[in-house]
**Q** 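Dumping the structure here so I can ask a few things about it.
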Amino acid sequence: MSSKQTKPSTRKRARKPFLSRLFGGAFRLIGKIALRLLGLVALASAVVVLYFYMQLPPAETLLDGRERGSVAMLDRNGEIFAWRGEQGGVVRASQMSDDLINAVVATEDKRFYRHLGISPRGIAGAIRINMSEGRGPLQGHGGSTITQQVAKLVFLSDETTWRRKILEIPYALAMELAYSKEEILSIYMNRAYLGASANGFEAAAQRYFGISARQVDVPQSAMLAGLLTAPSRFAPTRDLSRAQNRSQVILRLMHDQGYIDDTQYAQARNNPAVLSAEAQRRAGGYFADWVMEDGPEFLIEDSREDVEIATTFDPAIQRGAERALVSVFDDLVRDGSEAQAAIVVLSADGAVRGMVGGRAIGGAGTFNRATQALRQPGSAFKPFVYAAAIEAGMDPSDRINDAPLTINIPGAGAWSPQNYSRTYRGPITLSEALARSTNTVAVRVSEQTGREKVIQTAHEMGLDSDLTNSPALALGASETTLLDLTGAYATFLNRGRRAEPYGLTQVRLRHDGDVLLSAAPELGHRAISERTAGYVTWMMSQVIEAPYGTGNRAALGDRSVAGKSGTTDAARDAWFIGFSGDYVVGVWMGYDDNTPLTGVTGGGLPAEIWKRTMQNVHEGLPPSTLPVVVPFVPQAPPPTASVGNQGGGNQDGGQIERTIRQVDQNLGDVVEGLLRGLLGGN
């Protein structure tokens with residue numbers, strides 16, 4: 001039987017198409033290259049991370065990142081009432097309230113305890129949100145972890161956006177290798193800026209709630225964490241309702257992530273955090289801002305040391321002024337009024353004891369109407385006119401014609417001042433003219449004395465602003481501040497010696513007590529004679545005491561006071577400035593946009609604010625006397641004066657009498673000076 005042999009198969013294996021082989025090889029090559037590149041990138045990244053790791057300092061040295069020191073202000077009793085500068089206060093995260101830590105993690109980085117420094121999901125989500133809102137991929141939401149934010153705060157604050165974003169990653173990885181999560185969180189919690197000059201959560205908790213970050217509860221923690229996004233915008237000292245609305249968002253995040261239960265969530269939503277009364281008191285307000293602006297910059301603004309400033313501030317007087325302002329607006333002003341007001345309280349030597357720079361309405365901000373607003377004082381300027389006149393030889397009993405008056409002003413034409421009442425009384429004494437605030441007499445006295453003399457006297461007494469040399473000078477047409485005007489009135493109380501308003505008495509280092517600056521202001525030079533000051537003080541007492549005085553509303557019963565009202569054209573500004581034997585108080589009222597006040601004169605609401613302030617300031621103090629000099633006032637007017645007379649001064653041959661009186665006054669001043677020199681007085 002023959003066997004059948006099988007022939008080998010001649011079929012060949014099918015070969016892939018050429019293009020397929022070509023692209024497959026290319027992809028494999030690209031893959032190998034990519035893997036190698038990724039390997040190189042990983043190696044380079046590891047080297048960079050290792051480099052940054054080797055450069056990182058100990059975590060403890062990074063907790064306090066302030067560039068300049070804090071300023072603690074002490075009141076006249078030695079108690080801290082305000083903080084300024086870059087406030088700090090290092091407290092480790094492990095020592096802070098658990099609610100605060102949870103609020104920050106829930107808000108800023110919910111995967112903080114699980115990632116290694118970066119969160120790809122967070123970055124991708126932030127890019128998606130940015131592009132969906134029409135921004136660039138890195139504009140707006142950053143998707144940064146807390147670790148990345150620490151890298152930015154500590155090491156990359158000066159870098160551009162793109163460069164910073166790239167460098168954040170190796171820095172964050174290096175920090176995760178070098179520091180514990182608690183250390184990273186501690187750095188963040190102590191360096192984050194939280195508005196109102198507060199650096200870190202300890203400073204912010206003290207600033208807004210008057211307590212430590214160790215003690216804040218759920219609503220307070222939510223409000224503090226809400227500041228991280230936009231600290232200035234959401235600061236409760238700027239807009240409490242906005243800060244509370246922002247805190248509601250944080251509370252929802254805390255609830256959704258399981259940090260608070262339903263009951264805690266409901267309670268916190270219904271009872272949002274508020275700025276504590278203690279924090280409001282320690283804010284210092286307008287007075288603290290003024291001291292910071294007025295003090296030596298190299299010690300206060302630029303110092304990297306923590307300093308203490310001893311001041312003249314009296315918290316009881318400040319509260320009294322604030323209560324007076326609020327009560328008048330509550331009792332006597334229509335609801336919803338946007339009129340503003342300011343108050344300054346000085347001791348006789350010029351020490352500022354209290355300052356209200358405005359009403360907290362409509363986001364009023366920090367504009368200080370007591371020190372920054374230049375306004376026309378109106379008739380509140382007249383005491384300086386009469387002081388100059390008496391210095392020049394006139395007497396409070398001199399009679400000047402209250403009658404229509406026209407003065408030709410070169411380049412401006414005829415000018416005719418009008419009395420507020422639009423009536424005229426004929427010859428009246430200087431004291432009656434001031435008490436009635438008669439405009440025609442004030443202008444005549446100013447022109448007769450000489451405007452240059454009036455300007456010089458006002459400057460000597462403390463009005464340092466430019467005073468316009470025009471007939472309207474006598475009616476307060478030049479601008480000044482409430483603080484300067486009130487300080488100038490203190491010259492009358494000081495028997496003619498200038499008293500410069502001041503608030504700072506000493507600057508010292510907070511930790512070791514070294515004194516850097518000590519200021520012991522004394523009464524300045526003699527601006528007017530003691531007799532002149534006494535005469536004008538008596539004249540201003542008649543503004544309040546005389547039945548026809550414009551300041552009757554400011555009377556304080558058995559306490560002697562002196563003062564002057566002021567109202568400008570169209571009632572855009574209304575003033576009352578005056579003093580007792582102990583304190584000088586100035587009040588201004590008006591609108592920031594110069595809208596005329598309705599039905600308000602200086603002798604009305606400002607006088608009422610002044611009176612209530614004075615009552616609060618003097619509570620518990622015995623009545624003191626005013627340094628008045630009472631002039632001889634004739635019982636009947638000279639027979640020759642007439643309403644139609646356009647001249648100034650006495651018209652009955654009184655020049656001889658005036659000369660005799662001037663000689664007598666000069667002789668009296670000489671004798672008085674000799675006696676003071678012998679007795680060692682001032």
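Because the structure is a prediction, the values reported are computed rather than measured.
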**Q** Rounded to the nearest 0.5 Å, how far apart are CG of Leu493 and CG of Leu626?
**A** 7.5 Å
**Q** Which value, rounded to the nearest 0.5 Å, describes the distance between Asp217 atom CG and Ile211 atom CD1?
**A** 6.5 Å
**Q** What I'd like to find out is whether the side chain of Arg191 reaches to under 4.5 Å of the side chain of Val154, using heavy atoms alone.
**A** yes
**Q** Does the pair Phe329 and Ile609 meet the rule for a side-chain contact (heavy atoms from CB on, under 4.5 Å), with working shown?
**A** CA-CA 9 Å; Phe329 273 83; Ile609 295 171; 4.3 Å; yes
**Q** I'd like to know if Arg498 pairs up with Asp464 as an ion pair, taking the criterion as any Lys NZ or Arg NE/NH1/NH2 lying under 4.0 Å from an Asp or Glu carboxylate oxygen.
**A** yes
**Q** Start with the C-alpha gap between Phe579 and Val585, add the side-chain angles, then the distance that decides, and say whether side-chain contact (heavy atoms from CB on, under 4.5 Å) holds.
**A** CA-CA 6 Å; Phe579 50 89; Val585 173; over 6 Å; no
**Q** Mind listing the closest non-hydrogen atom pair of Ile544 and Ala562 along with its distance?
**A** CD1-C, 3.8 Å
**Q** So, taking the atom named OG in Ser212 and the one named CD in Glu202, what distance separates them when rounded to the nearest 0.5 Å?
**A** 3.5 Å
**Q** Taking the side chain as everything from C-beta on, heavy atoms only, tell me whether Trp575 gets closer than 4.5 Å to Val587.
**A** no
**Q** Answer whether the closest heavy-atom distance between the side chains of Glu479 and Ser465 falls below 4.5 Å.
**A** no
**Q** How about Asn190 and Asp64: do any of their side-chain heavy atoms sit closer than 4.5 Å?
**A** no
**Q** Give a yes or no on whether the backbone of Trp538 and the side-chain of Ser541 come within a donor-acceptor separation of less than 3.5 Å.
**A** yes
**Q** Closest heavy-atom contact between Pro606 and Met589?
**A** CG-CB, 4.0 Å
**Q** Has the side chain of Gln340 got a donor or acceptor atom that lies under 3.5 Å from a matching backbone atom of Arg359?
**A** yes
**Q** Could you give all pairs that pass the salt bridge (Lys or Arg N to Asp or Glu O under 4.0 Å) test and reach residues 375-384, with sequence neighbours left out?
**A** Arg375-Asp573
**Q** Looking at Ser565 and Phe576, would you say the former's side chain and the latter's main chain have a donor-acceptor pair under 3.5 Å?
**A** no
**Q** For the CE atom of Met461 and the CG atom of Leu463, what is their distance to the nearest 0.5 Å?
**A** 8.0 Å
**Q** Would you please say whether a donor-acceptor pair under 3.5 Å links the side chains of Tyr188 and Gln149?
**A** yes
**Q** So, for Ser347 and Tyr583, which heavy atoms are closest and what is the spacing to 0.1 Å?
**A** OG-CE2, 3.7 Å
**Q** Looking at Val333, is its backbone amide N or carbonyl O close enough to the side chain of Ser337 to form a donor-acceptor pair, meaning the two atoms are under 3.5 Å apart?
**A** no
**Q** Donor-acceptor pairs are to be reported for all side-chain atoms of residues 480-489 against protein atoms at under 3.5 Å, with residues two or more places apart or in another chain.
**A**
{"unit_1": "Thr481", "atom_1": "OG1", "unit_2": "Asp484", "atom_2": "N", "d": "3.1"}
{"unit_1": "Thr486", "atom_1": "OG1", "unit_2": "Leu482", "atom_2": "O", "d": "2.7"}
{"unit_1": "Tyr489", "atom_1": "OH", "unit_2": "Ala380", "atom_2": "O", "d": "2.6"}

**Q** Check the surroundings of atom CG in Asp239: do more than 12 heavy atoms from other residues, nucleotides or ligands lie under 6.0 Å from it?
**A** yes
**Q** Mark yes or no for whether Gln372, through its side chain, and Arg369, through its backbone, hold a donor-acceptor pair below 3.5 Å.
**A** no
**Q** Please indicate whether Asp514 has more than 12 foreign heavy atoms, meaning atoms of other residues, nucleotides or ligands, lying under 6.0 Å from its CG.
**A** yes
**Q** Taking it one step at a time, do Thr505 and Thr312 satisfy side-chain contact (heavy atoms from CB on, under 4.5 Å)?
**A** CA-CA 7 Å; Thr505 59; Thr312 60; 3.8 Å; yes
**Q** Keeping the roles fixed (side chain from Trp610, backbone from Ile343), state whether a donor-acceptor pair exists under 3.5 Å.
**A** no
**Q** Please confirm whether Trp290 and Phe287 have ring centers closer than 6.0 angstrom.
**A** yes
**Q** Give a yes-or-no answer on whether the side chains of Arg246 and Gln244 include a donor-acceptor pair shorter than 3.5 Å.
**A** no
**Q** What's the spacing between Thr491 OG1 and Glu500 CD if we round to 0.5 Å?
**A** 9.0 Å
**Q** Between Arg526 (side chain) and Arg495 (backbone), is there a donor-acceptor pair under 3.5 Å?
**A** yes
**Q** How many angstroms lie between OH in Tyr502 and OG1 in Thr311, if you round to the nearest 0.5 Å?
**A** 10.5 Å
**Q** Could you walk me through whether Thr371 and Met355 pass the side-chain contact (heavy atoms from CB on, under 4.5 Å) check?
**A** CA-CA 9 Å; Thr371 63; Met355 179 182 292; 3.8 Å; yes
**Q** Which heavy-atom pair separates Phe384 from Ala458 by the least distance, and what is that distance?
**A** CB-CB, 4.3 Å
**Q** For Asp582 versus Ser624, what's the shortest heavy-atom pair and its separation?
**A** OD2-OG, 2.9 Å
**Q** Taking Ile250's backbone N and O only, do any of them form a donor-acceptor pair with Thr107's side chain (distance below 3.5 Å, no angle check)?
**A** no
**Q** Determine the minimum heavy-atom distance between Ser186 and Ala93, stating which atoms define it.
**A** OG-N, 2.9 Å
**Q** Hey, does Ile101 have a side-chain heavy atom less than 4.5 Å from the side chain of Met189?
**A** yes
**Q** Do Met223 and Phe234 have side chains that get closer than 4.5 Å, going by heavy atoms?
**A** no
**Q** Closer than 3.5 angstrom, by distance alone: can the side chain of Glu108 be matched with the main-chain N or O of Ile146 as a donor-acceptor pair?
**A** no
**Q** Identify, with sequence neighbours excluded, every residue that meets ring-ring contact (aromatic ring centres under 6.0 Å, His included) alongside Phe201.
**A** none
**Q** Leu556 versus Lys611: any side-chain heavy-atom pair under 4.5 Å?
**A** yes
**Q** With distance as the sole criterion, is a donor-acceptor pair present between the side chains of Glu619 and Gln615 under 3.5 Å?
**A** no
**Q** Keeping Arg559 on the side-chain end and Pro622 on the backbone end, is there a donor-acceptor pair under 3.5 Å?
**A** yes
**Q** Around Gln215, counting heavy atoms of other residues, nucleotides and ligands shown, do more than 12 lie under 6.0 Å from its CD?
**A** yes
**Q** Of Arg353, Arg319, Arg76, which meets side-chain hydrogen bond (donor to acceptor under 3.5 Å, both in side chains) against Asp314?
**A** Arg76
**Q** What I'd like to find out is whether the side chain of Asn77 reaches to under 4.5 Å of the side chain of Pro315, using heavy atoms alone.
**A** yes
